[in-house]
Amino acid sequence: MAKWGNCDFSELRKYADKLEKLTDADINDLCVKCSKELAARLLALVIPRTVVGDYSVLKVRTARKDTKYRKKGEQYTVRVKSKSGKVGGTLRRGWTSKTHAEAASGKGKNGKPIKEYAASLPVRKVGGYYIIQIINPVEYASYVEFGHRTRSGGWVNGKYMLTISEERLKQISPAVLQRMINKKLREVIERG
């Protein structure tokens, strides 16, 4: 028979004792922090991907004098702001707003950084799952996301800004969670 030799397991026992000091409250806090971090990451992905409505119009202008780019009398087009005063961005602002009206007015939590907004979101524990909801309250958000019919019977394709962002988050979330778990374990071991 082969001889295994001697082995000192005292360090392993110390490590196990330190891990046992990790309470359910510590684990719950870690899961809530992880949920909020993933929510912030999702918002950071979806907000820039969200399309902004363009309400400007093209106007035909005539050059009044010779310039470097145009001859006098030559016609050209320029994009000018709409007379209605409408500006885009309601859908984008909706990611950090509680209501459609808040998003449309441009007020609310839009001045706050994404991480701060995500930290303010409630996390619910249902069974073994931690749930945090990210909702865009703008009434037409689902039509932009998934597409919609037009009045003339045509079809406008969806932009899939949330769907694409969720897929990207699924790719990066294991590394993000692993970093957070390792950080917590280091704290527990050093706290001893």
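For the side-chain hydrogen bond (donor to acceptor under 3.5 Å, both in side chains) test, no residue two or more places apart in sequence or in another chain qualifies with Thr77. Applying the salt bridge (Lys or Arg N to Asp or Glu O under 4.0 Å) rule to Lys159 yields no partners; only residues at least two apart in sequence or on another chain are considered. Every salt bridge (Lys or Arg N to Asp or Glu O under 4.0 Å) that Lys170 has, sequence neighbours left out, goes to Glu167. Scored by the side-chain hydrogen bond (donor to acceptor under 3.5 Å, both in side chains) test, Gln178 finds Asn182 as partners (sequence neighbours excluded). The side-chain contact (heavy atoms from CB on, under 4.5 Å) check on Lys71 picks up Asp66, Glu74, with sequence neighbours excluded. Scanning for side-chain contact (heavy atoms from CB on, under 4.5 Å) contacts around Thr62 gives Gln75, with sequence neighbours left out. With sequence neighbours left out, Thr99 forms a side-chain contact (heavy atoms from CB on, under 4.5 Å) with Ala101, Glu102. Legend: residues meeting side-chain contact (heavy atoms from CB on, under 4.5 Å) with Ala63, ordered by chain and number and at least two apart, are Arg70, Tyr76.
Lys33 has its side chain within reach of Met180: a pair of non-hydrogen atoms, C-beta onward, lies under 4.5 Å apart. Two residues are said to be in side-chain contact when any heavy atoms from C-beta on lie closer than 4.5 Å; Val156 and Tyr143 fail this criterion.
Here OG of Ser35 is found 8.5 Å from CG of Leu177. Values are rounded to the nearest 0.5 Å. Considering CG of Leu162 and CG of Leu42, their distance stands at 6.0 Å, rounded to 0.5 Å. Here the OH atom belonging to Tyr117 is positioned 7.0 Å from the OG atom belonging to Ser97, to the nearest 0.5 angstrom. If you take SG on Cys31 and OH on Tyr130, they are separated by 4.0 Å, rounding to the nearest 0.5 Å.
In this structure, Tyr160 belongs to a hydrophobic cluster whose other members, linked by side-chain heavy atoms under 4.5 Å apart, are Phe146, Ile164. Hydrophobic cluster of Ile135: no remaining members, since no ILVMFWY side chain lies below 4.5 Å from it.
Scanning both residues, Leu45 and Leu169, for their nearest heavy atoms gives CD1-N, 4.0 Å. The nearest pair of heavy atoms linking Ile132 to Ala39 is CD1-CB, 3.8 Å. Between Ala118 and Leu43, the shortest heavy-atom contact is CB-CD1, 4.4 Å.
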(message) If you apply the rule side-chain contact (heavy atoms from CB on, under 4.5 Å), what do you find for Trp95 with Ile114, and how did you get there?
(response) CA-CA 10 Å; Trp95 292 112; Ile114 292 169; over 6 Å; no
(request) List the steps and the verdict of side-chain contact (heavy atoms from CB on, under 4.5 Å) for Cys34 and Leu30. (result) CA-CA 6 Å; Cys34 288; Leu30 176 64; 4.0 Å; yes
(message) As a quick check of understanding, evaluate side-chain contact (heavy atoms from CB on, under 4.5 Å) for Leu121 and Ile134, giving each step before the final call.
(response) CA-CA 8 Å; Leu121 294 173; Ile134 296 175; 4.3 Å; yes
(request) Could you give me the CA-CA distance, side-chain angles and deciding distance for Lys183 and Glu187, then say whether side-chain contact (heavy atoms from CB on, under 4.5 Å) is met? (result) CA-CA 6 Å; Lys183 182 180 175 187; Glu187 286 175 14; 3.9 Å; yes
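Partner Met161 forms a side chain to side chain contact (heavy atoms under 4.5 Å, CB included) with one of Ile47, Leu91, Asn136 and no other, that one being Leu91.
No donor-acceptor pair under 3.5 Å is formed between the side chain of Arg92 and the backbone N or O of Val51.
Both Ile172 and Leu38 are part of a single hydrophobic cluster, where members link through side-chain heavy atoms under 4.5 Å apart.
Residue pairs meeting the salt bridge (charged side-chain N to carboxylate O under 4.0 Å, His left out) criterion with at least one member in residues 35-52, sequence neighbours excluded: Glu37-Arg41, Glu37-Lys115. A salt bridge (charged side-chain N to carboxylate O under 4.0 Å, His left out) check over residues 137-149, counting only residues at least two apart or in different chains, returns nothing.
Using modelled atom types, one finds no donor on one side chain facing an acceptor on the other under 3.5 Å when comparing Thr150 with Trp155. Between the side chains of Arg13 and Ser10, no donor-acceptor pair is found at a separation under 3.5 Å.
Remark: Lys184 NZ is packed, more than 12 non-hydrogen atoms of other residues, nucleotides or ligands lying under 6.0 Å away.
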